[in-house]
Amino acid sequence: MFRRILIANRGEIALRILRACHELQIETVCVFSEEDRGAAYMDLADRTICIGGPFPRDSYLKSDRIIAAAEVAGADAIHPGYGFLAENAAFAEKCRACKIEFIGPGAEAMRLLGDKASARALAKKTKVPTVPGSDGVFENDSEAIRIAERIGFPLMIKAAAGGGGRGMRIVLDKTDLVAAIKQAQQEAEGAFKSTDLYIEKYLERPRHVEVQIMADHEGTVVHLGERDCTLQRRYQKLIEESPSPAIDSRTRKDLCAAAVKLARVAKYTSAGTVEFLVNSKGKFYFMEVNTRIQVEHPVTEMTTGIDLIKMQIRVAAGESLDVNQRSIRPRGHAIECRVNAEDPEAMFRPCAGRIEKFHPPAGFGVRVETYGHEGCRVSPRYDSLLAKVIVHQPTRPAAIRCMHRCLHEFTIEPIKTTLPFLRKVMSHPDFVAGNVDTGFVERTF
Ligand code: MV4
């Protein structure tokens, strides 16, 4: 097992990883930016090292400084959390070259699955259902037109290097195609330094259902059930739950089996998520793979009783999985609400400042993941995620009632948060009925 882990992240996920390390009796090193100097969660770290200025590109994205910090502090592994360097294959390779274990998948699997066009090609080859579309990236406009005419409109142009909705365009008919390709190319070039694009048929009003997988270095792959993340706004998830209220047990079985199959052929290790879109008839299609631990992982931890961060650390240290598929028995219903420092009345504009009053909820089946406390500062430089409220109850109606209670108990002042918005969703008849799609938030609020 590792002796000392460096945490290359900040905020709630840095705290989550710190706690897991200490339960495993592993020492911790926390790196931080000038902006995060003095943040209370770092009191729990055995050592803290400043790695640069407030902008992510000057600190949390500076791979060489992070590796240097790990070497100086004698850390034998780095946990990247989510965001920042978590899905950067070059960073994973640098860690390996410096004999520091990167807690995540190998660089090869990360590269193969991180490119959405190659992940899609692998899914297709593996007979995991994919949306009709191009075989890999297209070369030029005339090839794109040929593919578009074959699959029909509406369709989507997507950036191979994209993710979370960046570099995507919906194309309603042929007259818009060439202009959309140009726009998507420009966006992709700017954001990812790659103009590779591919085409998919556009699925209307889908649900987003993803499968949590975990794999060790012996080739054992298990799934931990699915999460339904349909409630989003502008590709930002707001509420996640498990099990999905939208799929039957047969679909669930097929979906989870497809995710495991894909992880096996990719020789995947560590925690990962295979994302699918599900249409109103319950047919599912592979979308992309997230090669990291995700924000919403606690939903799965609550239903399975498995600590995914600890499991990730054990697997990275070379231990084999201490569970098998039959022993993983999801129970009850879990819901997570993301409490963001944003003003829902002002188009979810990020809000920053000092928190004067902070009273998180607690009680039976309630878990709160946050770096927040009275007197803490919320920076405008970083992700607005302030707290995650996760509830676990025997049934979905009980979980909704419990979440409703928690959201009323939670007091944060004076900064604006998404709490009032989340309260409205919890009492909305369509959410209560499990009858929403990915356009629900924009249509309803
Ligand atoms: C799609 C789609 C419809 N058809 N692909 C958005 C983020 C990325 N993970 C995939 N996304 C979508 N891909 C096809 N072929 C609709 C979306 C989409 C979406 C997906 C999940 C949750 C919310 C969404 C909101 C708008 C669009």
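Note that ligands are numbered from 1 as they come in the structure, with each ligand's atoms numbered from 1 the same way.
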For Met156, atoms of ligand 1 separated by under 4.0 Å from a heavy atom: 1 (C), 2 (C), 3 (C), 4 (N), 5 (N), 13 (N), 14 (C)

Per-residue contact class, Thr230 against ligand 1 - non-hydrogen pairs under 4.0 Å: neither

Proximal ligand 1 atoms for Tyr202, defined as those under 4.0 Å from one of its heavy atoms: 3 (C), 4 (N)

Flag, side chain of Ser327 to backbone of Val323, donor-acceptor distance under 3.5 Å: no

Min side-chain heavy-atom separation Gln393-Met302 under 4.5 Å: no

Protein heavy atom at shortest distance from atom 22 (C) of ligand 1: Thr438 CG2, 3.0 Å

Location of contacts on Lys201 toward ligand 1, heavy atoms closer than 4.0 Å: backbone

Close approach, Met168 and ligand 1, non-hydrogen under 4.0 angstrom: yes

Within-cut-off N or O pair, Glu275 and ligand 1, under 3.5 Å: yes

Qualifying residue for ring pair (Phe, Tyr, Trp, His ring centres under 6.0 Å) with Tyr60, from Tyr382, Phe91, Phe32: Tyr382

Option passing side-chain hydrogen bond (donor to acceptor under 3.5 Å, both in side chains) with Ser244 (candidates Thr230, Thr251, Asp228): Asp228

Proximal candidate to atom 17 (C) of ligand 1 [heavy atom criterion; set Val441, Leu277, Val209, Ile199]: Leu277

Ligand-side contact atoms (ligand 1) for residue partner His208, heavy atom cut-off under 4.0 Å: 21 (C), 22 (C)

Protein residue, atom and distance nearest to atom 8 (C) of ligand 1, heavy-atom basis: Glu288 OE1, 3.6 Å

Salt bridge present between Arg367 and Glu336 (N-O < 4.0 angstrom): no

Validation row: Ile247, Phe284 side chains within 4.5 angstrom (heavy atoms): no

Atom 4 (N) of ligand 1: the protein heavy-atom neighbour that sits closest, reported with distance to 0.1 Å: Leu203 N, 2.9 Å

Atoms of ligand 1, numbered as shown, that sit under 4.0 Å from any heavy atom of Met287: 5 (N), 13 (N)

Close side-chain approach of Lys158 to Leu197, heavy-atom, < 4.5 Å: no

Glu200, any N or O under 3.5 Å of ligand 1 N or O: yes

Test: Arg166 cationic atom under 6.0 Å from Tyr235 six-membered ring centre, within 45° of axis: no

Close approach of Lys158 to ligand 1, heavy atoms, under 4.0 angstrom: yes

Worked check of salt bridge (charged side-chain N to carboxylate O under 4.0 Å, His left out) between Arg233 and Glu442: CA-CA 7 Å; Arg233 183 187 168 271; Glu442 274 95 347; 5.3 Å; no

Residue part near ligand 1, for Tyr235, under 4.0 Å between non-hydrogen atoms: side chain

Cys337 side chain reached by Met403 side chain, heavy atoms, under 4.5 Å: yes

